[in-house]
Amino acid sequence: IFPHRATSITVKPYAITTGCWDKWKASTVMEYTSRYKMPALNAGPSQVALMLRVPNFDDYDFSSVRAIIAGMGPSSPGLIVEARERRTTV
């Protein structure tokens with residue numbers, strides 16, 4: 001994933017949903033994830049941290065998210081704890 005492009009992939013029993021943006025924006029990814037009930041989110045630790053800092057984070061429904069795949073770098077223990085507490089599993 002390049003800084004100007006982000007991809008999220010959801011695999012459901014009979015469908016695959018892929019989101020691709022020319023410019024990554026936390027609220028756009030959050031809206032897409034919430035709207036399409038994506039069970040997995042592919043985002044780097046810094047992107048996860050930015051999403052957690054969006055003022056209306058709790059207005060989005062992340063109940064479908066079962067995993068955040070954050071393989072672009074190390075995730076701090078604090079980030080993992082906060083993401084788990086705010087209705088996601090890292």
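Starting from 1, each residue takes its place in the sequence as its number.
- Proximity of Trp24 to Leu50: side-chain heavy atoms (C-beta onward) are separated by under 4.5 Å at one or more points.
- Between Val48 and Leu41 the shortest side-chain heavy-atom distance does not fall below 4.5 Å.
- We find the CZ-CG distance between Arg84 and Leu79 to be 10.5 Å, quoted to the nearest 0.5 Å.
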Derivation of the side-chain contact (heavy atoms from CB on, under 4.5 Å) call for Ser27 and Tyr60: CA-CA 9 Å; Ser27 60; Tyr60 292 94; 4.0 Å; yes

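- Residues Ser75 and Ala70 share a closest heavy-atom pair of OG-CB, 3.9 Å.
- A distance of 11.0 Å separates CD in Gln47 from CD1 in Ile68, rounded to the nearest 0.5 Å.
- Listed here is the closest heavy atom pair of Met51 and Ala43: CE-CB, 4.3 Å.
- The distance from atom CG of Asp61 to atom CE of Met30, rounded to the nearest 0.5 Å, is 11.5 Å.
- Between the Thr33 side chain and the Val29 main chain, a donor and an acceptor come within less than 3.5 Å of each other.
- For Glu82 and Arg53, the salt-bridge test passes: some basic side-chain N is under 4.0 Å from an acidic carboxylate O.
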